[in-house]
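Worksheet: the structure to be examined is printed underneath.
None of these values were measured; they are calculated from a predicted model.
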Amino acid sequence: QLQLVESGGGLVQPGGSLRLSCAASGFGLRNYDIAWFRQAPGKEREGVSCISSSGGRTKYADSVKGRFTISRDNAMNTVYLQMNSLKPEDTAVYYCAADRWIGAMCRTSPDVMDYWGKGTLVTVSS
């Protein structure tokens with residue numbers, strides 16, 4: 001069993017930055033691809049970014065490309081999401097999730113994730 005805990009959310013002004021962390025306990029995080037998702041009020045959960053188990057492959061949604069950076073430290077059992085140039089439309093609860101299936105590219109479909117954290121709220125507002 002893998003437990004995931006997100007942190008780092010909060011209130012930030014437009015144009016500001018936040019770094020989210022996803023800390024894992026239980027089995028080693030190195031065995032999983034990890035994805036970040038977000039869900040705004042009244043909207044479906046959407047995939048934001050993912051990173052392969054080794055950290056060698058990453059993927060981003062078009063809406064965050066060039067502004068967000070995903071990274072991981074397997075020794076620390078932690079995955080990060082650096083969010084820059086934040087916009088009001090980035091406001092959402094952000095979740096990290098673990099995918100046991102290791103393929104050519106990490107995945108950002110919520111339906112295939114095996115473990116989820118409980119989320120951290122990011123609010124972008126002046």
With a 4.5 Å cut-off on side-chain heavy-atom distances among I, L, V, M, F, W and Y, is there a chain of contacts connecting [X] to [Y]?
| X | Y | value |
| --- | --- | --- |
| V5 | Y94 | no |
| V93 | V48 | no |
| V112 | W116 | yes |
| I70 | Y80 | no |
| F37 | L86 | no |

Looking at [atom1] of [X] and [atom2] of [Y], how far apart are the two atoms once the value is rounded to the nearest 0.5 Å?
| X | Y | atom1 | atom2 | value |
| --- | --- | --- | --- | --- |
| C106 | K59 | SG | NZ | 5.5 Å |
| M113 | T108 | CE | OG1 | 7.0 Å |
| S7 | R19 | OG | CZ | 9.0 Å |
| W101 | S53 | CH2 | OG | 11.5 Å |
| T123 | Q13 | OG1 | CD | 13.0 Å |
| T91 | L11 | OG1 | CG | 8.5 Å |

Test item: [X] and [Y] side chains (from C-beta on) under 4.5 Å apart, heavy atoms:
| X | Y | value |
| --- | --- | --- |
| L4 | Y95 | no |
| L81 | S49 | yes |
| R107 | C50 | no |
| R100 | Y32 | yes |
| S25 | N77 | no |
| W36 | F68 | no |

[X] to [Y] - nearest heavy-atom pair and separation:
| X | Y | answer |
| --- | --- | --- |
| A92 | A40 | CB-N, 3.8 Å |
| Q3 | Q1 | NE2-CG, 3.1 Å |
| A24 | L29 | CB-CD1, 3.5 Å |
| G9 | L20 | N-CD2, 3.6 Å |
| R72 | D33 | NH1-CA, 4.2 Å |
| G47 | A61 | O-CB, 3.6 Å |

If you draw a 6.0 Å radius around [atom1] in [X], do more than 12 non-hydrogen atoms from other residues or ligands fall strictly inside?
| X | atom1 | result |
| --- | --- | --- |
| E44 | CD | no |
| M105 | CE | yes |
| K65 | NZ | yes |

Practice problem: Check the pair D114, D99 against side chain to side chain contact (heavy atoms under 4.5 Å, CB included), reporting the backbone distance first and the verdict last. | Solution: CA-CA 5 Å; D114 296 294; D99 184 0; 3.9 Å; yes

Check whether any side-chain N or O of R67 sits under 3.5 Å from a backbone N or O of S85 as a donor-acceptor pair, and report yes or no.
yes

- Query: So, does E6 use its side chain to make a donor-acceptor pair with the main chain of T120 at under 3.5 Å?
  - Reply: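 Judged by distance alone, no pair lies under 3.5 Å.
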
Between R38 and D90, is the closest basic N to carboxylate O distance under 4.0 Å?
yes

